Amino acid sequence: MLDGGASAASGLEKSLLDWYRRYQRPLPWRGEHDPYRILLAEVLLQQTRVAQAIPYYHRFLERFPTLEALGRAPLEEVLRVWQGCGYYTRARNLHRLARQTSALPPTYAGLRELPGLGPYTAAAVASIAFGEAVAAVDGNVRRVLSRLHAWEDPSPKRLQQSAQGLLEGALGYGSPGEWNQALMELGATVCTPRRPACSRCPLERFCRGKGQPERYPLPKSRRPKPIELTALILGGPMGVYLEPRSGGVLGGLWGVPMEEGPGGLERLLKRFGLEEARFVGRLRHDFTHRRLQVWVYQAPWARVEDPRRRPLSRLDQKILSLLDTA
DNA sequence: AACGCGGGGAG
DNA sequence: CTCCCAGCGTT
């Protein structure tokens with residue numbers, strides 16, 4: 001590498017890579033070369049914190065060690081391993097991907113065609129698994145770059161261009177995959193959403209936003225919508241009646257019958273030809289954009305099954321657990 | 001561009 | 001309590 005050449009890493013790029021090599025967290029997928037495992041980690045990490053993803057990473061690989069093993073498995077079994085992790089479209093897409101592909105394409109463009117791989121995940125896998133020089137911009141990178149440039153609300157295009165420029169500046173000193181992960185790691189551990197540790201940041205002297213980090217980027221707030229539900233547990237501790245959920249909400253999983261809004265209990269009773277049901281409790285469950293309040297009732301039923309045999313959402317697990325406490 | 005989609009942990 | 005996370009697909 002020639003000194004001072006355009007291909008040499010500038011101070012910023014070298015500072016971050018030196019920091020990353022010293023302070024990166026030891027994670028299960030660090031140093032991994034198997035593209036399938038790298039893909040799995042990236043999909044699990046979509047909108048999901050590292051600590052939450054790690055147990056699922058291990059148990060998923062234990063059950064589906066290869067892309068072929070995943071493709072051979074029934075979807076319902078894949079969902080059962082994924083249950084409790086949220087965003088179940090990820091599991092459905094991963095299964096669909098495994099069914100249609102025997103080997104992952106080694107380029108960003110090829111990966112981008114696969115179900116469940118958007119701009120971020122395709123770039124992450126292309127760079128980390130295959131060494132392609134494409135910038136991966138996730139929420140961490142968006143925050144780091146917003147602060148670095150003092151941008152309050154940068155467009156995705158602007159962020160991508162900035163990230164790509166930095167990555168290319170870093171090529172002389174580190175690999176694309178290492179650089180992308182370094183930027184994300186900084187956002188996850190130092191340049192955090194609230195109370196960032198600027199004094200420990202290797203980029204502090206390059207950062208235009210360090211004076212007021214909370215301002216870059218500006219937070220976007222959205223109020224969750226309150227929803228009232230009535231749930232009916234048919235059966236008892238030995239077994240319950242479950243039905244498959246269709247549509248976007250918890251689709252592909254199973255759950256107890258539920259109705260939304262006033263008169264929910266009456267509609268449920270009518271649906272199953274019942275006269276009455278016993279009130280067992282009330283619980284709250286929050287999604288990002290919804291605040292659920294669920295009134296739970298119970299009635300005897302003949303056609304029941306073991307709920308452990310079905311993929312259930314956390315919401316349905318909470319509902320059923322009311323039986324144990326009540 | 002805006003919205004729906006889970007679940008959990010930090011502060 | 002609020003915020004938001006190694007985002008994606010649909011409209």
Side-chain angles (χ1 to χ4, degrees), chain A residues 20 24-25 27-30 32 38-57 79 82-94 96-97 111-129 135-146 153 155-157 159-160 163 177-189 191-197 214 217-225 227 245 247-253 255 283-292 311-318:
Chain A
Y20 177 67
Q24 64 174 275
R25 295 166 294 178
L27 301 175
W29 44 85
R30 292 269 195 250
E32 181 59 58
I38 293 167
L39 170 65
L40 173 64
E42 293 305 333
V43 171
L44 276 169
L45 289 166
Q46 290 170 3
Q47 294 298 102
T48 304
R49 296 176 186 281
V50 165
Q52 185 186 351
I54 286 176
Y56 286 95
Y57 179 78
L79 285 167
W82 202 276
Q83 73 175 358
C85 195
Y87 287 116
Y88 299 96
T89 299
R90 295 183 294 176
R92 291 196 296 272
N93 282 336
L94 211 45
R96 195 148 61 90
L97 183 159
L111 290 162
R112 189 66 181 76
E113 300 296 315
L114 298 173
L117 278 80
Y120 164 74
T121 308
V125 175
S127 63
I128 298 170
V137 178
D138 72 337
N140 286 310
V141 174
R142 173 172 186 269
R143 187 172 55 254
V144 169
L145 296 185
S146 294
D153 189 21
S155 68
K157 179 184 289 285
L159 287 166
Q160 191 68 39
E178 191 179 25
W179 170 259
N180 281 334
Q181 292 179 88
L183 216 42
M184 292 189 278
E185 187 77 351
L186 185 73
T189 63
C191 195
T192 50
R194 278 170 296 186
R195 299 188 42 161
E214 318 283 354
L218 288 175
K220 48 180 83 171
S221 63
R222 207 169 288 167
R223 293 284 159 269
K225 178 182 177 184
I227 308 263
R245 299 214 183 289
V249 185
L250 306 176
L253 282 73
L283 62 83
R284 268 186 42 186
H285 187 76
D286 292 336
F287 295 161
T288 303
H289 302 299
R290 303 178 184 204
R291 166 149 308 167
L292 270 44
L312 298 181
S313 69
R314 196 65 87 198
L315 170 60
D316 284 287
Q317 292 177 14
K318 276 194 203 173

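Throughout, a chain's letter reflects where its sequence line sits, starting with A, and its residues are numbered from 1. Nothing here was measured: the structure is a model prediction, and the numbers come from that model.
Within residues 180-189 of chain A, the residues that have a heavy atom under 4.0 Å from DNA chain C are, in order of number, A/Met184, A/Glu185.
If you measure from atom NZ of A/Lys318 to atom C1' of B/dG7, you get 9 Å, rounded to the nearest angstrom. When rounded to the nearest whole Å, the span between CG of A/Asp153 and P of B/dA1 equals 10 Å. Per the geometry, CG belonging to A/Leu159 stands 16 Å off P belonging to C/dA6, to the nearest Å. The distance between atom OH of A/Tyr57 and atom P of C/dA6, rounded to the nearest whole Å, is 17 Å. Regarding A/Asp138, its CG atom lies at a distance of 9 Å from the C1' atom of C/dC5, rounded to whole Å. Whole-Å rounding puts the A/Arg49 CZ to B/dG11 P distance at 10 Å.
For the pair A/Gln47 and A/Ala51, both in contact range of DNA chain B, the more 5′-proximal nearest nucleotide belongs to A/Gln47.
Close to C/dC1, at under 4.0 Å from its OP1 or OP2, lies a side-chain N or O of A/Arg284. For the OP1/OP2 pair of B/dG4 and a distance below 4.0 Å, the side-chain nitrogens and oxygens of A/Tyr87 include no atom meeting the criterion. In terms of phosphate contacts, A/Arg314 brings a side-chain nitrogen or oxygen within less than 4.0 Å of OP1 or OP2 of B/dG8. Residue A/Arg142 places none of its side-chain N or O atoms closer than 4.0 Å to OP1 or OP2 of C/dA6.
Backbone-only contact: A/Ser313 has heavy atoms under 4.0 Å from sugar-phosphate atoms and none from a base. Counting non-hydrogen atoms under 4.0 angstrom, A/Trp82 reaches nothing in the nucleic acid.
Not a single donor-acceptor contact under 3.5 angstrom links the side-chain atoms of A/Thr48 to the base of B/dG8.
Note on A/Glu185 versus A/Arg30: salt bridge recorded, some NZ/NE/NH1/NH2 to OD/OE distance being below 4.0 Å. Looking at A/Arg143 and A/Asp138, no side-chain N of the basic residue comes within less than 4.0 Å of a carboxylate O on the acidic one, giving no salt bridge.
The separation of C/dC4 from B/dC5, taken at their C1' atoms, amounts to 14 Å, rounded to a whole angstrom. Taking atom P on both B/dG8 and C/dG9, the two are 24 Å apart, rounded to the nearest angstrom. Atom name C1', nucleotides C/dT10 and B/dG7: the rounded distance is 22 Å, in whole Å.
Of all heavy-atom pairs spanning A/Leu39 and A/Val125, the tightest one is CA-CG2, 3.9 Å.
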Steps toward side-chain contact (heavy atoms from CB on, under 4.5 Å) verdict (A/Ile54, A/Trp29): CA-CA 9 Å; A/Ile54 286 176; A/Trp29 44 85; 3.9 Å; yes
If you restrict it to nitrogen or oxygen atoms, what contacts under 3.5 Å exist between nucleotides 8-11 of chain C and the protein, and what is each distance?
residue	atom	partner	partner atom	Å
C/dC8	OP1	A/Gly118	N	2.7
C/dC8	OP1	A/Gly118	O	3.3
C/dC8	OP1	A/Thr121	N	2.9
C/dC8	OP1	A/Thr121	OG1	2.8
C/dC8	OP2	A/Pro119	N	3.4
C/dC8	OP2	A/Tyr120	N	3.3
C/dG9	OP1	A/Gly116	N	2.3

